[in-house]
Amino acid sequence: MEERLLPLGSAVKTVFSTYPLLIAGYYPVDIKRKKVSKYVAVDCALGFGADGKAIMIDDADITDVVSEGYTNERGDEFRRNIYLMYEQGGLKDIALQTLAQQEKKEG
């Protein structure tokens with residue numbers, strides 16, 4: 001896994017989309033599919049749209065970074081901190097525990 005997060009607003013091409021997607025958030029949890037991804041993305045042209053759909057993607061799904069979103073020192077620090085908190089500081093474990101608890105409730 002790449003040890004950085006793309007800035008919000010970055011446009012990326014993916015293996016499952018013919019149009020660019022816009023990075024809209026980090027580390028979404030999909031309880032129904034019991035999955036945590038690195039990014040949540042939306043259609044560049046439509047955004048979240050009327051249906052409210054967003055797509056969960058990981059580094060492996062990204063084939064090209066069309067354009068990186070705006071960033072500054074504060075944004076760089078935020079992304080660095082959230083990456084470290086998630087990957088090394090226990091947030092990933094909390095997310096996975098939440099999924100496991102949800103599965104027990106449904107089971």
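- Under the 4.5 Å side-chain heavy-atom criterion for Ile, Leu, Val, Met, Phe, Trp and Tyr, Ile57 and Val65 are members of the same hydrophobic cluster.
- Distance check, rounded to the nearest 0.5 Å: CG of Asp43 to CD1 of Ile55 gives 7.5 Å.
- Under the 4.0 Å criterion applied to side-chain N and carboxylate O atoms, Glu68 and Arg79 are not assigned as salt-bridge partners.
- Note that the CG atom of Asp59 and the OG atom of Ser37 stand 10.5 Å from one another [nearest 0.5 Å].
- Rounded to the nearest 0.5 angstrom, Lys13 NZ and Thr18 OG1 are separated by 9.5 Å.
- Interatomic distance, CG of Asp61 versus OG1 of Thr14, reported as 7.0 Å (0.5 Å rounding).
- To the nearest 0.5 Å, atoms OH (Tyr26) and NZ (Lys38) are separated by 9.5 Å.
- Residues Phe16 and Tyr39 fall within the same hydrophobic cluster, defined by Ile, Leu, Val, Met, Phe, Trp and Tyr side chains chained together at heavy-atom separations under 4.5 Å.
- Between Ala60 and Val15, the shortest heavy-atom distance links the atoms O-CG1, 4.4 Å.
- In this structure, Pro7 and Ile23 approach most closely via the heavy-atom pair O-CB, 4.0 Å.
- With contacts defined as side-chain heavy-atom distances shorter than 4.5 Å, the pair Val36/Tyr86 qualifies.
- Residue Ala24 comes nearest to Leu8 through the heavy atom pair C-CD2, 3.6 Å, listed as atom of the first residue, atom of the second, then distance.
- For the atom pair Leu22 CG and Leu6 CG, the distance stands at 11.0 Å (nearest 0.5 Å).
- By the criterion of side-chain heavy atoms lying less than 4.5 angstrom apart, applied directly or through intervening Ile, Leu, Val, Met, Phe, Trp or Tyr residues, Tyr83 is grouped together with Ile62 in one hydrophobic cluster.
- Shortest non-hydrogen contact noted between Ser10 and Gly69 is OG-N, 2.9 Å.
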Practice prompt. Check the pair Tyr27 / Leu5 against side chain to side chain contact (heavy atoms under 4.5 Å, CB included), numbers first and verdict last.
Written response: CA-CA 10 Å; Tyr27 300 113; Leu5 294 169; 3.7 Å; yes

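- Under the 4.5 Å side-chain contact rule for hydrophobic residues, Val12 and Tyr19 share a cluster.
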